[in-house]
Amino acid sequence: MTALQLSPQVTEALDAGRPVVALESTIISHGLPRPRNHEAAIEFEEILREQDVTPATIAVLDGVPRIGLDAIGVRRIAEEDLAKASVRDLPILAARGASGATTVAATAHLAAKAGIRVFATGGLGGVHRGASESFDESADLSTLAVTPITVVSAGVKSVLDIAATLERLETYSIPVVGLGTTVFPSFWLRESEHTLDWSVETPDDVAAIMAAHDALGHRQGIVVANPIPAHQQWDPAEHDRVLAQAFAAADDAGVRGKAVTPFLLGYIVEASHGRSLEVNLDLARNNVATAGRIATAWAGRRV
Amino acid sequence: MTALQLSPQVTEALDAGRPVVALESTIISHGLPRPRNHEAAIEFEEILREQDVTPATIAVLDGVPRIGLDAIGVRRIAEEDLAKASVRDLPILAARGASGATTVAATAHLAAKAGIRVFATGGLGGVHRGASESFDESADLSTLAVTPITVVSAGVKSVLDIAATLERLETYSIPVVGLGTTVFPSFWLRESEHTLDWSVETPDDVAAIMAAHDALGHRQGIVVANPIPAHQQWDPAEHDRVLAQAFAAADDAGVRGKAVTPFLLGYIVEASHGRSLEVNLDLARNNVATAGRIATAWAGRRV
Amino acid sequence: MTALQLSPQVTEALDAGRPVVALESTIISHGLPRPRNHEAAIEFEEILREQDVTPATIAVLDGVPRIGLDAIGVRRIAEEDLAKASVRDLPILAARGASGATTVAATAHLAAKAGIRVFATGGLGGVHRGASESFDESADLSTLAVTPITVVSAGVKSVLDIAATLERLETYSIPVVGLGTTVFPSFWLRESEHTLDWSVETPDDVAAIMAAHDALGHRQGIVVANPIPAHQQWDPAEHDRVLAQAFAAADDAGVRGKAVTPFLLGYIVEASHGRSLEVNLDLARNNVATAGRIATAWAGRRV
Ligand SMILES: [Mn+2]
Ligand SMILES: [Mn+2]
Ligand SMILES: [Mn+2]
């Protein structure tokens, strides 16, 4: 796959069978305000390096999908105005020599192509509320249906249709495993109203499932639902209040279709006076640390 | 595929190019009451052996997907309290050494991996009524979109959304062929209100389609719609009456979402005083016998 | 793939790396009245030959998928009463030795199997209005999700749900690129109300995206949205009036489900006094000519 460019650190780690974790770039370019996003990008990588895990932050720079960025690359995804790039945008960016921040779908796709098996993100994309009419369903789900990678997330944001998202994951034959929980988390909160069929206790348990998945020749991704630590979650009452306000505001403003989710997310950041961003950062750190431990457990099995 | 364990009989039959038919285990563990389910499991295998066809009942026992069970295995699926296992549950059961009864999706998936080309079940899973909102669509359909196996069923239970199920089969490019009928059956009844584009008369006709399918390199499954013999079908008037009662009862009880279909099926067994179970057994026997003839025709082509 | 039969001209052109464009046959057998359809089939091929591009009209004749027809074959698709054949019908037609006119899905599928990389059609199939309930979604979209071919179309007919169709294309990770436009066309009109993320100016730009797509190992199709030239489009006011009439007539006549789209299309031909057919022919010619230029650009890159 000469179209991808792996950093020397990532190449070396993969060749040596050492743990590597993929990180996405839209959380940096679109999910967090400057300059905090730059600090976060550096911090996520540091969390992994402290575990002796090699970070592979993924983005498209000047047309080339880069698997592992140097300091200049990390600065670029934090400071440039990048378009979001999903899987289908990659050939177009490549043909133009343009840059883009990779979504969960594109990051998972590129990481798997590079041979990386574990990926940390904040929340998965999903089925949007109203998708019954709009058909707005994130390519994150359909991409994971054909992409063998373990994705560690804090579930799905409660602005989406969580029930429908879990159904799609089932229809796509994508395993969903709670880590230390039997309840699917809802991003800012440790819980949604949806229980899970399967729960595991340790990163080793996840690695064992990955091994069985490989032995069976399965090509789907594995979703690890990793709730934010209890002391860091958003206060559920405040979360519910702000979300109800956000939905009402979208309704009042006559926002429709694809514009709804971005409107809601913007509203929530503002109405929560930054609290939702704090939680977002905390859950992302937690996912990165957990992904590091799963990658380490995975590398340990392969010795 | 060392993750699967084929019985010596199945290995031998496949190696010799002799006919083999896969059988699922959820019909035994969840579809029929004890001890009748054990008798049925044995009978289904006998129907095939009498045709000189090797049965391959499929289940996960102690973490291992087993393709073809011995007498102890058949007893276990009838007597143990097994979870239903779909494709995405297989790596988790494997990692835990746990057991499970395979759904249509998982059975088709494992059978195809083992090299088996014909599979008999009762009814296919499908799109649930209300799936427009709930997104509840069986992984049976999406799995058959990428699994080259011929599935003999009596159609889809009328508690599901048959029209939507047929549309999904079309969207997934899965051929649906009526055997001796131009009407899609509705499990307990020979007919639904939906006509089929294609009808064939004999098992040889099905085998010829399978050969063309292979020659074209297609990887989808083929659905053979095999209506229950006329003298065995449920009385249509009684069927309609019991179904209407069941839907009304679900409504009265406020049952919603994923709970609806199991509620309806339980209600129907009870309200029909066991008649629906009789029909279920008869159509399953008929599907097994038909699958045996198709497997025999298929083996005959390959000599 | 011995199941396909390539014409000597197509084989020769592909072997020599010369440009080839696939053409579908349902537009001939079902989209245009006789004998105009025969003239159109010949004309589409001529447009390509004048560019030194080899036409590969695709159809199933006597069970055999033919990639490139001779004069007798072209006459047959224009004059025989052929069934529409989608991907899932191919093995059945093959087993019976029957003939069929290939849909966008089947043509794309067969062309890609034959090694052809560019395909011209009129309009893509899509998500039908009311698909939220009916689940009626064309296999054209799902087939392009796994078929590496560049399809040149004038978008999607406005009788379909264009917004939902564009969402499905996104979920399937199928790139959609406007050629000389930033607005998705709606078949008879240069524009719909939907803007595109990506627009290119030249056939070379499309070929560059195809090259990047290949380098990334992507297996989806690429949709090139190619609006009809401005002077040839249907008068928007008349289009809107006739469409509104058509929808009202379908409603009055109580037409439901799968019958709606054919009813609307028939109504529109009649109510427009043939104007819609003129536009259909013009946009098809334009797509064929554009596809020829893209195929030429593609062949040029590979020297
Ligand atoms: Mn979307
Ligand atoms: Mn379900
Ligand atoms: Mn349809």
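Both backbone and side-chain heavy atoms feed into the values below; hydrogens, waters and symmetry mates do not. Per chain, numbering begins at 1; letters A, B, ... match sequence-line order. Note that the structure is predicted; figures quoted are calculated from it, not measured.
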Taking all atoms of both residues into account, what is the closest heavy-atom pair of [X] and [Y], and its distance?
{"X": "C:A131", "Y": "A:F135", "value": "CB-CZ, 3.9 Å"}
{"X": "A:S142", "Y": "C:T171", "value": "OG-O, 2.6 Å"}
{"X": "C:V176", "Y": "A:R88", "value": "CG2-NH1, 3.7 Å"}
{"X": "A:P91", "Y": "C:A212", "value": "O-CB, 3.3 Å"}

[atom1]/[X] to [atom2]/[Y] distance, rounded to the nearest 0.5 angstrom?
{"X": "C:H218", "Y": "A:H109", "atom1": "NE2", "atom2": "NE2", "result": "3.0 Å"}
{"X": "C:D161", "Y": "A:S134", "atom1": "CG", "atom2": "OG", "result": "9.5 Å"}
{"X": "A:I92", "Y": "C:I222", "atom1": "CD1", "atom2": "CD1", "result": "7.5 Å"}

Task: Heavy-atom contact with chain A under 4.5 Å, split by part of C:I174 - done: backbone
Task: Residue, of C:S173, C:A211, C:G130, that accumulates the most heavy atom pairs under 4.5 Å with chain A - done: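 Between C:S173, C:A211, C:G130, the count favours C:S173.
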- [ ] Could you check which of A:D136, A:D89, A:L110, A:L93 has the highest count of heavy-atom pairs closer than 4.5 Å to chain C?
- [x]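 Counting heavy-atom pairs under 4.5 Å, the top option is A:D136.
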Task: Test item: A:K113 side-chain N/O and C:L216 main-chain N/O as donor-acceptor pair under 3.5 Å - done: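 The answer is yes, because a donor-acceptor pair under 3.5 Å joins these two groups.
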Open item on the list: For the backbone of C:S132 and the side chain of A:S132, can you confirm whether one donor and one acceptor N or O come within less than 3.5 Å of each other?
Closed with: no
Task: Check against side-chain contact (heavy atoms from CB on, under 4.5 Å), A:R96 and C:V200 - done: CA-CA 10 Å; A:R96 302 185 167 206; C:V200 296; 3.6 Å; yes
Open item on the list: Apply side-chain contact (heavy atoms from CB on, under 4.5 Å) to residues A:H128 and C:E167 and explain how you reach the verdict.
Closed with: CA-CA 11 Å; A:H128 289 253; C:E167 287 290 344; over 6 Å; no
Task: Heavy-atom contact with chain C under 4.5 Å, split by part of A:L141 - done: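 Contact with chain C: none, neither part.
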TODO: With side-chain contact (heavy atoms from CB on, under 4.5 Å) as the test, would you mind laying out the steps for C:E170 and A:E137 before giving the verdict?
DONE: CA-CA 8 Å; C:E170 184 181 334; A:E137 304 183 29; over 6 Å; no
